[in-house]
Amino acid sequence: MDNFQKKFLEEASDLISRLEQSLLELEQNMNDPDLVDGVFRIMHSLKGGGGMFGFENVSNYTHKLENLYDLVRQKKLKVNREILDITFESADHITSMLNDDGSQTSQIVANEAILQRRIDAILSGKPSEKEEVGHIVETTTDSDEVVATYYIKVKPFESIQNNGTNPFFLIDELVGLGPHKVNVFYNGIPDLENFVFDKTYISWEIILATEQGEQAIQDVFIFVEDDCEVKVEKIADADIFKFDGIEPLLQCQHDFSFDIAKIKSLAETTISLEKAKKEQNKLENAGDEHIKKFSRESTISGIRVDSEKIDTLMNLVSELITTQAGLNLYAENNKSPELISIAESLENISRQLRDTAFSITLIPIDYLVMRFRRLIRDLSREVGKEIAFEARGAETELDKTLIEGITEPLMHILRNSIDHGIETAEERVAKGKNPEGKIILQAYYSGSQVVIAVTDDGKGMDLAKIRKKAIDKGLIKPDAQLSAKETTDLIFVPGFSTSDKVTSISGRGVGMDVVKRKVSDIRGTVSVSTEKDEGTTITIKLPLTLSIIDGMLVRIYDTDYIIPLSVIDTIFAVEHEKIKSAYNNIINIEGVQYPFYYLREEFGIEEDIPEKEEIIMVKYEDKRIGIVVDSITGEYQAVLKPLGKLYRQQDIFSGASILGDGTVALVLDTHKVINQFTKYNEI
């Protein structure tokens, strides 16, 4: 059961994320019945799964919310701000219940009591302490619901238990809808030799009288439609269990079906035949459309895979590529045409497997956007500001490791935008702005990188204030001449802050240094641009992956290095004398002047300088800058391994890779190489 509970917790986490997304959309369109149905189905799923896997507290609580939204579906209750607030808070409450290790139980119980009182106030039509509650809609129909009788046949597939579904719980939930008679079929059970304990061999037929309607019956099976056959047939517009003479027709032996024809005949003598047929056709047609709708929605377009299995797959692919490099080297050294051919074929397969495995690890940034929408909604209301949030390029995909690493920095940036960037409505109106502020998160691919930019239309950064604070803290001299970019970059210095007060949202503004450090930890860069009273944009650039790259294997003296192919523009062979005589590290190639960095000189290597060297032009922002190496070995699939503690301060290396002969090649981060050596050359 532990494995099943773990799967339910994963499923519940996804359901709660979907719930928050539906609520945010419902907040914009409170009269959309499809969104209401979506919220209702999520509650129903949480209720059923919670009860099945031992989370009774979750099941009981979501049952009450399910009832609340059922009234909305029946148009007896209207959605408004109070209902949405309660449901948002309920999503947090359910998450707390699922994650509770016993340390928060008393707080959870207290929170639930408060939420229960607010829900009861809505259902009773009494005003709550927070604001006006949802109100019951007056209807002109009878308060008594119409009871109908249905014939249901349930035949589970043998494999239904594989996903943790217990068919007995389905039947138990079904018969809880009203008076019933159940017949069990055992004729599918094999002999003992062929019996498998975790397969399901029995099926059921049920006659059920209920006022809940066919929809409630279908909802019982809504999440197992692909795991069983379910037939629902309405046989009377009344409770047949109240008919005289019905009892003998309900008595039958196991493995023999109810005589539905006789039951229907008896019903037809009691109620109007014409009315029964008319109502039956109407409901059956509606039921067919509903079944078709949910059949489309339940089409399986993917499967859930444990993230640990994906990590294991990527590790195995990485080891395969390392082994492949060894095989290639062995084949070349032995000059065997057959072995070389096999090695080349295997290399092609390995490359395809690498690309496929890598694509599995990619997650759309939309995964984060939902969390950010909720964050901005809650924090903007807390600080009393009107803020609209827009996400662009949310379909952009990123390695799951990078998604995990970028979440905290982005949340900190958004909190700063809300607290310090966006002005109050009054301040914005006084500046001639729209009273509603705006935050835009934009993601897109740029070559081998993913760019994520967060832009607000707030007051921007006060460069004079930043400069004064830096002087007061002794970070720069009073007469220092700084460009606008150099001034804004001061916000990334540890402990730097222009905030004069502590807030519950962004503290004292401390933390942009942490943002930069965490982005650097995943081989990314962060920059900021700002205009006074126009707003601020913070841009993060990240590699597509952290694990495997296509690189160019180069050599300097007796050491191998790898430069990512994605940053390489062109390569030129240049005589050493031309490099040596270049003025101020500027070289003329084919009539064009290029700045370059001579890595031998930067690394302090003077032995065995070759007569001809290679200058690799790499892309740096909107420029091309040369990196000079001794020689180029060729293209190489590099499996990145982290550097040990001794090399943590070597920022210019993003990792290392084991070559086919067992030696190690360091992976150069050309962006940081250029940044670091530029800084050293200026000192």
Side-chain angles (χ1 to χ4, degrees), residues 406 409-410 412-414 416-417 420-422 439-444 446-447 449-499 506 509-543 567 584-586 594-597 618-626 651-652 669-683:
I406 201 61
L410 283 176
H412 186 89
I413 291 169
L414 290 169
N416 272 349
S417 292
H420 303 302
I422 303 290
I439 296 176
I440 299 173
L441 185 146
Q442 184 174 15
Y444 57 91
S446 177
Q449 294 181 313
V450 171
V451 179
I452 304 175
V454 178
T455 302
D456 67 60
D457 66 346
K459 57 189 174 185
M461 295 182 182
D462 189 333
L463 299 188
K465 187 174 182 181
I466 292 175
R467 178 183 175 84
K468 182 178 184 303
K469 184 71 70 171
I471 294 172
D472 293 343
K473 288 180 173 288
L475 300 176
I476 60 173
K477 296 179 179 179
D479 58 350
Q481 300 296 316
L482 300 180
S483 66
K485 182 180 184 305
E486 290 170 331
T487 303
T488 54
D489 282 348
L490 290 170
I491 67 172
F492 298 114
V493 175
F496 183 86
S497 173
T498 59
S499 178
S506 58
V510 176
M512 290 307 293
D513 61 312
V514 176
V515 169
K516 184 174 183 178
R517 177 171 55 80
K518 287 186 175 293
V519 171
S520 296
D521 288 344
I522 52 178
R523 293 180 27 229
T525 61
V526 58
S527 60
V528 58
S529 62
T530 186
E531 289 287 339
K532 186 173 178 59
D533 290 329
E534 295 293 330
T536 300
T537 297
I538 296 180
T539 304
I540 295 173
K541 295 182 179 179
L542 300 167
V567 303
N584 203 23
N585 277 33
I586 301 292
Y594 297 103
F596 69 88
Y597 291 93
V618 300
K619 289 171 279 191
Y620 177 76
E621 296 179 352
D622 58 347
K623 308 178 188 69
R624 289 196 302 170
I625 297 177
D651 206 25
I652 63 173
D669 186 327
T670 58
H671 191 97
K672 292 181 179 177
V673 166
I674 294 169
N675 281 346
Q676 180 165 319
F677 292 142
T678 299
K679 178 176 66 176
Y680 288 164
N681 291 334
E682 288 176 350
I683 292 176

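Side chains are part of it too, since the values below use all heavy atoms of this structure and drop only hydrogens, waters and symmetry mates. Numbers here are sequence positions counted from 1.
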Discussion item. Quick check on side-chain contact (heavy atoms from CB on, under 4.5 Å): which of Val673, Thr670, Ile625 does Tyr620 satisfy it with?
Written reply: Ile625

Worksheet item: What residues form a side-chain hydrogen bond (donor to acceptor under 3.5 Å, both in side chains) with Thr525, not counting sequence neighbours?
Response: none

Worksheet item: Does any N or O in the side chain of Arg467 come within less than 3.5 Å of the main-chain N or O of Pro478, such that one atom is a donor and the other an acceptor?
Response: yes

Fill in: CD1 on Ile466 to CG on Leu490, rounded to 0.5 Å
7.0 Å

Practice prompt. Apply the test side-chain contact (heavy atoms from CB on, under 4.5 Å) to residues Thr530 and Leu463: give CA-CA distance (whole Å), side-chain angles for both, the deciding distance (0.1 Å), then the verdict.
Written response: CA-CA 9 Å; Thr530 186; Leu463 299 188; 4.2 Å; yes

Worksheet item: Checking side-chain contact (heavy atoms from CB on, under 4.5 Å) against Pro409, which of Leu414, Val519, Ile452 comes through?
Response: Val519

Discussion item. Does Lys623, at its NZ atom, have more than 12 non-hydrogen atoms belonging to other residues, nucleotides or ligands within less than 6.0 Å?
Written reply: yes

Worksheet entry | Thr455: partners by side-chain hydrogen bond (donor to acceptor under 3.5 Å, both in side chains), with sequence neighbours left out | Thr537

Fill in: Glu486, CD: over 12 other non-hydrogen atoms inside 6.0 angstrom
yes

Discussion item. I'd like to know if the side chain of Asn585 and the backbone of Phe596 have a donor-acceptor N/O pair within less than 3.5 Å.
Written reply: yes

Item to complete: Could you pull out the closest heavy-atom pair between Ile491 and Met512, with the gap in Å?
Response: O-CB, 3.3 Å

Item to complete: May I ask you to decide whether Asp513 forms a salt bridge with Arg517, counting only side-chain N to carboxylate O separations under 4.0 Å?
Response: no

